[in-house]
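So the structure is just underneath, and the comments pick up after that.
Basis for what follows: all heavy atoms, side chains included, without hydrogens, waters or symmetry-related copies.
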Amino acid sequence: MTAILELNDAGILVHRDGAELLESPGYLACEDRQVHIGAEGAARVKLIPTQTEYSFWDKFSTDPLQLALPAGRTQADLAYRHLEHLWSIVGADLDAAVILVPGDFKREQLGLLLGMCRRLEIPVKALVDTAVASSAHPVPGRRLFHLDVHLHRCVLSALEQGPWLTREAASASHEFSLLRLNDSCAHAIAALFVQTTRFDPLHQADSEQQLFDHLPGWLSALDRNDHLDLELAHGERRYQIRVSRRALKRAAEPLYRRLRQFVADQLPPGQPATLQVSHRLAQLPGAIAALEPLADTEVVVLDRLAGAHGIRRLYLERAGEREEVPYVTRLPWFNSDDLASHAERLAGYRRRPATHVLHRAVAYPLANGEFFVGTRLGDAQAGIRVDDGHPGVAARHFRLRPDSGKLILEDLSGGATQVNDEPFEGRREVGIGDRIRIGQPGTEFLLINVADGS
């Protein structure tokens with residue numbers, strides 16, 4: 001069984017057998033001698049800023065930290081702790097791992113990453129360029145590019161199309177990043193709170209943290225809606241505003257201009273191009289619209305699992321070979337037979353029952369009875385109790401129950417539940433890989449199967 005780790009400090013994605021296992025952002029916080037990694041670290045970045053680090057993947061090296069933490073003294077020490085944390089969750093019964101790496105990683109960084117994996121006994125089969133893995137089909141007569149966003153930078157990769165797909169060059173810019181965009185949008189939202197309610201969420205650390213916790217879900221929701229009602233709690237009071245997608249696009253426009261200029265500078269003049277955009281970038285409100293004015297350029301949005309699906313080409317091409325492939329920057333194209341067999345295998349995988357609900361890197365077993373999620377659960381009810389700090393989550397928000405070999409999701413909130421980013425009411429069948437989101441901006445639950453190591 002092979003795990004695929006897609007390295008991006010905005011959220012390292014871990015996949016296995018065509019389904020997502022977890023996503024862990026590159027944050028690490030040390031509080032009262034406890035180390036909080038991933039989402040738990042991100043939830044403390046505004047509360048204990050001097051004890052939180054989130055640039056260790058961007059500055060991935062043996063350079064010392066400006067302020068040493070109990071978890072380590074160098075950038076690599078913290079990256080090691082993050083990787084160790086991820087593997088402790090997903091590594092059981094795995095016999096191989098493939099790591100997708102951004103195109104601007106230097107060879108020293110690749111060597112450092114491999115050394116860390118060996119020390120952690122992660123059985124790495126290959127390091128593979130993310131852009132190459134994510135690109136499945138040629139675009140005749142056009143130049144092909146791949147664009148992704150990270151916490152601290154964006155990376156544009158130029159791809160050469162031939163009998164094989166080859167990563168030609170990669171450029172990075174720190175002028176546009178997820179942190180810069182989040183900061184611009186957070187200040188715009190805070191200004192609306194001040195204007196409407198006279199409450200400034202950036203004035204206190206706890207309300208500032210709450211705003212940044214909610215921000216990813218808010219941005220994702222505004223990518224699908226023209227307006228969104230936002231709520232923040234402070235003390236005994238709750239404050240509400242309505243924000244428009246147009247207002248946040250306006251706040252982000254200076255950053256989008258920098259992104260557009262960065263891409264335009266790399267595109268060959270006078271040649272039509274296809275720009276493949278990662279799901280991370282595409283879900284930001286206004287991002288695709290900001291790139292569409294690029295001359296002679298079509299923008300294609302990639303699937304969330306594009307990189308993981310593309311790794312299958314590595315196994316098809318190298319089946320039976322014994323030599324190790326430490327770093328792959330060229331792969332064969334998918335053909336129709338590959339796609340058909342992959343779709344058949346993935347459909348068979350998804351027919352297997354989900355055994356656990358993954359929430360904040362903890363897997364909760366699904367027993368034979370009912371499983372509830374909400375802010376108020378009875379003593380005898382199996383399930384997950386969600387913190388009251390998540391607006392829009394009902395006392396009993398949804399229920400999972402087995403029915404004739406199927407797993408049925410029942411919305412108990414009156415329509416405030418989403419499955420794979422699509423809202424629904426009533427009941428529906430769910431299975432491995434389905435993502436359930438509740439509340440505003442939302443907290444997420446992923447259905448997985450761990451009974452047989454998948």
Side-chain angles (χ1 to χ4, degrees), residues 5-14 22-89 102 109 112-113 116 120 149-154 174 176-187 189-190 200-219 232-234 280 359-362 387 389-390 441-444:
L5 286 73
E6 185 173 342
L7 203 61
N8 185 306
D9 56 1
I12 296 180
L13 285 173
V14 183
L22 63 88
E23 182 177 18
S24 180
Y27 287 80
L28 187 147
C30 297
E31 182 179 27
D32 298 330
R33 298 186 178 180
Q34 277 193 307
V35 178
H36 304 277
I37 299 174
E40 298 297 331
R44 291 163 172 79
V45 66
K46 301 299 180 182
L47 301 175
I48 49 171
T50 61
Q51 294 296 303
T52 305
E53 275 288 341
Y54 46 92
S55 60
F56 46 88
W57 284 116
D58 185 64
K59 300 177 180 177
F60 185 47
S61 69
T62 55
D63 292 343
L65 301 170
Q66 289 186 344
L67 182 64
L69 296 175
R73 297 181 176 276
T74 71
Q75 305 287 351
D77 289 340
L78 304 192
Y80 178 92
R81 293 294 297 269
H82 192 194
L83 200 58
E84 179 183 42
H85 170 73
L86 290 176
W87 197 248
S88 70
I89 298 172
Q109 294 175 308
L112 183 58
L113 178 61
M116 288 167 45
L120 289 168
V149 65
H150 299 246
L151 276 182
H152 300 270
R153 69 194 193 283
C154 58
H174 286 75
F176 182 90
S177 68
L178 200 56
L179 283 178
R180 283 179 178 266
L181 184 76
N182 284 349
D183 192 59
S184 293
C185 292
H187 279 82
I189 290 172
D200 184 359
L202 301 182
H203 186 66
Q204 299 289 337
D206 58 344
S207 56
E208 183 181 15
Q209 181 66 60
Q210 190 183 161
L211 191 160
F212 277 89
D213 287 345
H214 290 338
L215 193 58
W218 286 343
L219 295 182
L232 290 176
H234 182 62
R280 299 177 191 87
H359 177 59
R360 290 185 174 271
V362 178
D387 192 335
H390 289 276
T443 185
E444 195 166 270

Any chance you could lay out the side chain to side chain contact (heavy atoms under 4.5 Å, CB included) test for Asp77 and Leu69, step after step, and finish with the verdict?
CA-CA 10 Å; Asp77 289 340; Leu69 296 175; over 6 Å; no
Just so I know, are the side chains of [X] and [Y] near enough to count as touching, which here means a heavy-atom distance under 4.5 Å?
X: Tyr27; Y: His36; value: no
X: Pro201; Y: His234; value: no
X: Leu215; Y: Ile189; value: yes

So, Gln209 versus Asp213: side-chain donor-acceptor pair below 3.5 Å or not?
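Per modelled atom types, Gln209 and Asp213 side chains form a pair under 3.5 Å.
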Side-chain donor-acceptor pair present, Ser24, His82, cut-off under 3.5 Å:
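Yes - a donor-acceptor pair under 3.5 Å links their side chains.
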For the pair Glu53 and Arg81, find out whether any cationic side-chain nitrogen is under 4.0 Å from an anionic carboxylate oxygen.
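A salt bridge is absent here (no side-chain N lies under 4.0 Å from a carboxylate O).
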With sequence neighbours excluded, what pairs up with Arg180 under the salt bridge (Lys or Arg N to Asp or Glu O under 4.0 Å) test?
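Here no residue qualifies.
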Those residues that, when tested against Glu23, pass salt bridge (Lys or Arg N to Asp or Glu O under 4.0 Å) (two or more places apart)
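For Glu23, the residues satisfying salt bridge (Lys or Arg N to Asp or Glu O under 4.0 Å) (neighbours in sequence not counted) are Arg304.
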Nearest atoms (heavy-atom pairs only) where [X] meets [Y]:
X: Ser61; Y: Gln75; result: O-CB, 3.5 Å
X: Gly26; Y: Leu151; result: O-CD1, 4.4 Å
X: Asp206; Y: Leu47; result: CA-CD2, 3.7 Å
X: Thr52; Y: Ile48; result: OG1-O, 2.9 Å

Quick check on His203: does its NE2 atom have over 12 non-hydrogen neighbours (other residues, nucleotides or ligands) under 6.0 Å away?
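Incorrect, the count does not exceed 12.
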Counting heavy atoms not belonging to Phe212, are there more than 12 under 6.0 Å from its CZ?
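Atom CZ in Phe212 is packed in, count exceeds 12.
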Could you please spell out the steps behind the side chain to side chain contact (heavy atoms under 4.5 Å, CB included) verdict for Asn182 and Leu219?
CA-CA 9 Å; Asn182 284 349; Leu219 295 182; 3.5 Å; yes
